[in-house]
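Everything on this sheet refers to the single structure shown next.
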Amino acid sequence: MSEIVTKKTRSRSRVQKTSLAVTYILLIVLGIIWLVPLIWIILSAFRCEYQADGTFIGTVTSNFFPKAYGLKNFQDLFTSTYYGVAKAFPRWMLNTLLIAIVDCLISTFLVLSVAYCMSKLKFKMRKRFMNISMIIGLFPGFMSMIAIYFLLKSIGLTGNPNHPANSVIGLVLAYSAGAGLGFQVAKGFFDVIPNALVESAKLDGCTNFKIFMKIILPLAKPIIIYQALMSFTGPWMDFIFAKVIIGADNAAYWTVSVGLYSMLFGTHPDTNLFTQFAAGCVIVAVPIVTLFMFLQQYYVEGVTAGAVKG
Amino acid sequence: MANLKLSHIYKVYENGHKAVNDFCIDIADQEFIVFVGPSGCGKSTTLRMIAGLETITAGDLFIGDTLVNDMEPKDRDIAMVFQSYALYPHMTVYENMAFGLRNRKMPEEEIKKRVLKAAKMLDIEEYLDRQPKAMSGGQRQRVALGRALVRDPKVFLLDEPLSNLDAKLRAAMRTEITALHKSLKTTFIYVTHDQVEAMTMGTRIVVMKLGYVQQIDTPMNLYNEPYNKFVAGFIGSPQMNFFDVTLKREGDVVKVTFVNGDEVNLPYEKVCKIHESYLNGDKTVTFGIRPEHVSVNKEGHGMRLIVTNVERLGNETIVYGKLGDHLEEFTMKDEGKNIVIKVVDRDDINAGDVVYAEPNPEKVHFFDAETEVTLMNKVPLFNTVHAKTVGNKMELLGYTVDLPEAYINALGGDGEVSLGIPPHAIVEGNDFELKVGRIEKVDDKNLAYLVNGDSYLFALVPDEVKAGDIYHFALANEKINLRKDGKDILAAVSDEESMVGTFTKTEVKENGDRVLHFFYNIGDYTIETAPENGYKINSIDGNNCYKYNYRYAVNRDNIRIVGENEEGLSGKVTGYVDYGNIRFAKVKAADEELLIKVDPDFKADKVKLAFDSKDVSVYSTRIELKLC
């Protein structure tokens, strides 16, 4: 009897081992496919090669690993003039940071307020509104791009050469105005907060706004952080809206993604800027990676909120 | 401190589910009212409607003299303790208790004073700096009570506050809450599904089932005089025993026969309020007796039963038995055969014994087998009196009286008739006289047992009537039901007349403002109603209210006949009903046959009827709902 069991166990473990091996091979292959471009960009950022005549090689080279390493790309990136804008890259970084922070504040507030309304208030059409917003959310955001562009243009908030700074306001508006529709995750979190707390606060004389600010928000730290992260990284990574709304002529008001792209494919592409572009990519990733590393714990709490009934 | 009035309160959800039906109660200041019932009976919904956390579909809710239907919860001056305590987890106990006061902009010093006082009262002073998560269930419950306490509200609402506590703590908190009620002298409304809490704490209890109020009464009245089988079974532990039986009156004794043939005799005097139609031995009724009202003997008195289990609790012994003498498999469901008996100081009963159970005749209950309503109403619904008619005369109660025209027309000849006479149809007069056997005080009324041969005629009499007096009275003929050969031949005239009609509005400009006027339309009669009634109907049925039909009910006394040229409901007189003391005209109007009170010499072919809109009650024709 025991022999049979052992045999069975052994045969099962062989099957398991094979399937594990296949899984790992698959994962390793996928990992390589996923990591190679990343590593390549990082390596290119630190590439510091010169031709025999002493000119710097900033183009794409055929060798994967650089022959020499250095920080020249980063130095050049922060000091060079692109498109007639002196020290353009730091400026783009600042533009993006400003837009991201403002959008983060507005969007987070909007999303959390809408989520509170959907979770804790009862009103007519509530369910229907949630369904509609869900369906709208299924369409990609850039579908509305042209409409948004013309709307913003009509009120002078696109890349108007006379008031180029307006386009930054326009971009913030474009990012944050529709943010409220992304309330589902936060609603899931608020659904777990007992209704009795809200009702109790109502009896204690609170208005809905006060309940939101004094009762719900203090209990919603993970979801606030999750939502802020999402709203912050959105503008940081977005290219399409920034490109369309700010326009090609206002290089001083570009965001990093538009700027970096223009270094390679803009109106005056310079093939010798590839390594600087790679350095720019590495720099762009730094703040987001740092944020995620520190706030990872809250991010997971937020993203899984409402998944299990509390 | 305030009194509360709930008048015809309904809660109907959007999907049509009716959570609360026609809830009416007047709650006096400083009362401790308990809503009790199984889950889903609507007790919490009612409480939440009082708190303002649920909207009221129909009906009026008054706190003090103020109508609060549309008032925000925070303005109602009430405090509520939730089942889950609902303490704010991110605040300390002190902050939790002070939160409501701070919202009301109370000076910090006063807040501190109140919080400390409440904390002292509830013995939580040392925990004021703690957060709720660092406290036990009982302590949290105290904080929740304290949070309500500091507000000094007019009404305290408590929603199953003890259900999350263990049994020992629950008993302790029960006493504390009762003591709190006494010291605060405030109105308390308490929701529970635990009948022990209800019985021990409430000054009055509202028993609910499936959204309907079953009975509102003091704990002892609920226990002693349950209105129906549900209340009887719900109150008391172990619950009341129920058996299907038949009743047969034999002289001074009523024989109770069980399905298995066992018999128990009860004195007629104890069950005389049961209507005679149940005492023929041919109608199955439900007999109810509480476990503590059955005595056990081995001498053969009463129902024979075999003991299936005995639970000795020390202070008392609970005997489970099965009627009859065959020990079959014991099932709890089989309530007709099983019996539970609570005895004190008996340790000679063991499982397997055959013993006899004798119910205490003072404590028996009988319910209709179908409607499950008690057969022993405090005030019997009606007396049945047998009479004989010869020509235009009727012999009843030992007297011969003239028959009113309405009776003559209905009877269509001589013969035996039976009269269903409700107690309130026995009015002052000199047509009859009977001896008062005894007087029973029922609420604020005096119920007289008038001796009529070997049975009683129940009447409501003035205070000065005493037992042993001879009581002179007459009969209000129109309130009497007439039966002949087992068939109803003339129904009593109800107090109300009802008509079906529609509801409309018009919008007019008055001094530049748009003003809405609402109307009840009954046949060709249009009657304007107060705007608040219009808004009420509109808020319940939405704009469909202008398409639906409504039933308009008016007290018969408030319908008047008006002149030809005045506004009114046109009707055709099709005949008259003369009860001697009162005369009605049969009027066909708005597709209904109405009975309208008229003078003895009134004669007309056509009439116009009018009434005031304030006397009209409006009912939905789609669901059972009084709108206003």
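Quick note on labels: first sequence line is chain A, next is B, and so on, each numbered from 1.
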Exercise for the section: Could you tell me how the ring of A:Phe109 sits relative to the ring of A:Phe212: parallel (under 30°), tilted (30 to 60°) or perpendicular (over 60°)? Expected result: perpendicular
Handout entry: Aromatic plane relationship, B:Phe156 with B:Phe188 - under 30° parallel, 30 to 60° tilted, over 60° perpendicular
Key =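 Parallel, since the angle between the ring planes stays under 30°.
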Practice task
Evaluate whether atom CE of A:Met130 has more than 12 neighbouring non-hydrogen atoms of other residues, nucleotides or ligands under 6.0 angstrom away.
Solution key: yes
Exercise for the section: For A:Phe123, look at atom CZ and say whether over 12 heavy atoms of other residues, nucleotides or ligands are found less than 6.0 Å away. Expected result: yes
Problem - Lys/Arg N to Asp/Glu carboxylate O, B:Lys113 vs B:Glu109, below 4.0 Å - result: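 Judged by the 4.0 Å cut-off on N to carboxylate O distance, B:Lys113 and B:Glu109 do not form a salt bridge.
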Practice task
Give a yes-or-no answer on whether the side chains of B:Thr55 and B:Lys11 include a donor-acceptor pair shorter than 3.5 Å.
Solution key: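 Yes, B:Lys11 and B:Thr55 have a side-chain donor paired with an acceptor closer than 3.5 Å.
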Contact class of [X] relative to chain A, heavy atoms under 4.5 angstrom:
| X | result |
| --- | --- |
| B:Arg102 | neither |
| B:Arg147 | side chain |
| B:Tyr88 | both |
| B:Leu101 | neither |

Practice task
Against chain B, label A:Lys210 side chain, backbone, both or neither, depending on which of its atoms sit under 4.5 Å from a heavy atom there.
Solution key: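 Side chain of A:Lys210 only, per the 4.5 Å heavy-atom cut-off to chain B.
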Practice task
Check whether A:Ile215 gets within reach of chain B through its side chain, its backbone, both or neither, counting any heavy atom under 4.5 Å.
Solution key: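 Backbone plus side chain of A:Ile215, per the 4.5 Å heavy-atom cut-off to chain B.
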Exercise for the section: Mind ranking A:Lys202, A:Lys122, A:Glu199 by heavy-atom pairs under 4.5 Å with chain B and telling me who comes out on top? Expected result: A:Glu199
